[in-house]
Undergrad: 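If you scroll down you'll find the structure; I have some questions about it.
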Amino acid sequence: MTARITSLPVVVAGAALLAAGGLASVGGTQRAASSPAVHVRYITVAPGEPLESVVSKASRVVPSPNQLAWQAREFIAFAHFGMNTFTDREWGDGNESPALFNPTDFDARQWVQVFASAGVKLLILTAKHHDGFCLWPTATTTHSVKSSPWKNGNGDVVADVATACREAGLAFGVYVSPWDRHERSYGDSPRYDEFFRAQLRELLTRYGEIAEVWFDGANGEGPNGKRQIYDWPSYYRVVRELQPRAVIFGMAPDVRWVGTESGYGRETEWSVVPLRLREGAALRPDSPHPLDDAFVPGDLTAPDLGSREAIRSAALLAWYPAETDVSIRPGWFYHPKEDAGVKTPEKLVDIYFGSVGRNGVLLLNVPPDARGRIADADAKSLAGMRAILDGAFSTPVAGARFPKQGAAGAASAGYEIPVAAGRRFDVAMLQEDIGQGQRVEQFTLEVCTAGACREFARGTTIGYKRLLRFPEVQVDAGHHDARIRLTVGQTRGTPAVSALAVYSMGPVRPPGAPRRHTPARPRERPSVASSGSRLQAPGRDRHRHAAAGAQDFHGCGAADAIAAEQRK
Ligand code: FUL
């Protein structure tokens with residue numbers, strides 16, 4: 001997506017350029033005023049600070065280079081593969097014999113080919129899940145591929161997947177579960193911390209560049225009945241030292257869990273959110289990772305994380321963007337009985353709109369089977385998703401990239417792009433230049449001809465990317481001066497919208513998969529276009545932000561986690 005946007009005609013704010021197809025475009029407009037141009041990775045707020053000041057501070061918080069690179073990947077994947085693939089479980093108890101791990105036709109290149117052709121940019125492998133079985137020949141424990149019959153104990157899944165990713169130009173990441181139900185030192189906190197850091201060191205030094213390290217928050221009992229108190233800052237230090245360009249997901253201050261496993265982010269998704277600080281801990285303003293020592297993992301499942309109301313009494317605001325994880329199947333690991341439950345291409349497209357299209361990164365899990373290959377049903381569905389997205393997004397009906405907006409500006413701005421007479425469209429794509437922060441709080445989209453404008457969509461946040469679907473709009477055949485106008489109605493500072501485009505997707509049948517979890521939270525009311533037609537909100541109902549369901553245990557305690565396992 002990002003690369004393709006560059007082919008859009010460019011409209012310079014305040015100037016007229018010639019757009020593709022010979023249509024004269026009207027430049028974006030922006031009213032000037034002054035605003036502080038200092039951008040920061042986080043900002044502290046004094047108790048009782050006026051809301052306007054807090055809002056202005058929030059508008060100046062920006063991503064780190066690592067976060068920016070991560071966000072631009074947009075669509076990334078998970079491969080849950082390991083002992084559970086062979087025991088047909090979701091969580092192992094750590095007592096499984098390594099003899100059970102024996103893929104019959106392992107082919108990491110086949111996985112990567114499936115992912116790469118679906119447009120995935122980064123693949124994260126479960127190097128160790130909660131059962132403690134290691135997919136690489138670690139020196140830290142015998143509970144690994146080394147003790148398995150696969151390749152007579154000479155195999156290394158991590159190496160094979162990392163190599164296949166590199167060959168195909170995909171970035172590579174690792175899921176390493178801190179919760180280890182096999183390791184005897186687990187719960188004996190300093191000893192296990194040492195063990196876990198040693199595992200990290202192996203993973204982060206043997207397999208080339210690691211783009212993401214995935215730390216799940218599940219924290220149950222180990223084999224000796226004890227629970228571990230994790231020394232998170234010491235884990236971050238290992239990652240920072242060995243893989244300075246990696247982002248750490250979850251129990252770390254780089255990338256947050258969106259708060260559901262449904263695949264849908266919030267209609268209003270802020271990347272600047274309040275964070276708690278550890279009592280007495282110091283922030284390190286000069287470090288590339290200034291929050292590491294002070295960060296306290298918290299519950300981020302609330303329906304509203306970043307609104308004016310949510311930041312009003314924050315002590316610290318930080319750039320903490322959402323990663324939206326979801327499995328293509330009901331479970332995270334492959335189970336033959338779930339072959340019929342693979343999400344359809346239409347459902348995956350809906351999820352794409354609900355994640356990438358809501359200022360998130362989509363992390364889609366596609367679990368390889370016991371052969372060690374991605375099953376046909378999953379590969380077919382992914383290819384179908386890609387075909388629909390390519391059909392929709394390869395050629396914009398109209399669009400423009402806006403060059404960097406100045407630091408000066410006012411609390412509202414307009415952007416316009418020309419659209420040819422007679423053209424039809426039903427999707428809009430908007431982007432903010434998040435290198436300058438996330439600011440837009442409310443916007444409307446209209447189609448304008450000879451002085452008359454008709455609203456066809458509206459929304460709240462934009463962030464890195466916002467995608468909207470709506471009933472098809474057709475520009476009258478007789479109107480050769482038609483424009484699409486974006487009006488920013490409310491913003492936290494100078495808006496810096498970087499792209500606006502519309503596309504024609506046609507009707508993708510709304511996937512009517514049954515609800516898996518708790519009832520939907522009330523969503524924002526769709527607006528009524530001046531034509532009288534209701535706008536369709538993409539990804540209608542899979543939110544669980546209001547009431548975290550039983551399986552929402554990223555960051556939860558053992559009781560919740562085990563209760564969830566028992567329900568499986
Ligand atoms: C959860 C784990 O417990 C699941 O098994 C899965 O790995 C998911 C992505 O994260 O917390």
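In this text, all values refer to a predicted model and were calculated from it rather than measured experimentally. Both ligands and their constituent atoms are indexed starting at 1 by order of listing.
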Undergrad: Just which atoms of ligand 1 are under 4.0 Å from any heavy atom in F78?
TA: 9 (C)

Undergrad: Is any side-chain N of the basic residue among D292 and R237 closer than 4.0 Å to the acidic one's carboxylate O?
TA: no

Undergrad: State whether the shortest distance between N or O atoms of H130 and N or O atoms of ligand 1 falls below 3.5 angstrom.
TA: yes

Undergrad: Salt bridge or not for R256 and E269, using N-O below 4.0 Å?
TA: yes

Undergrad: Which atoms of ligand 1 are found less than 4.0 Å from any heavy atom of H80?
TA: 6 (C), 7 (O), 9 (C)

Undergrad: Does the N or O separation between D325 and ligand 1 drop below 3.5 Å for any pair?
TA: no

Undergrad: Side chains of Y334 and D339: donor-acceptor distance under 3.5 Å anywhere?
TA: yes

Undergrad: With nothing but distance in play, are any N or O atoms of W91 less than 3.5 Å from an N or O of ligand 1?
TA: yes

Undergrad: Taking F295 as the fixed residue, which of F215, Y235, Y320 is the one that meets the ring-ring contact (aromatic ring centres under 6.0 Å, His included) rule?
TA: Y320

Undergrad: Do we see a donor-acceptor contact under 3.5 Å between the side chains of R227 and N219?
TA: yes

Undergrad: Using distance alone, determine whether Y175 and ligand 1 share an N or O pair under 3.5 Å.
TA: yes

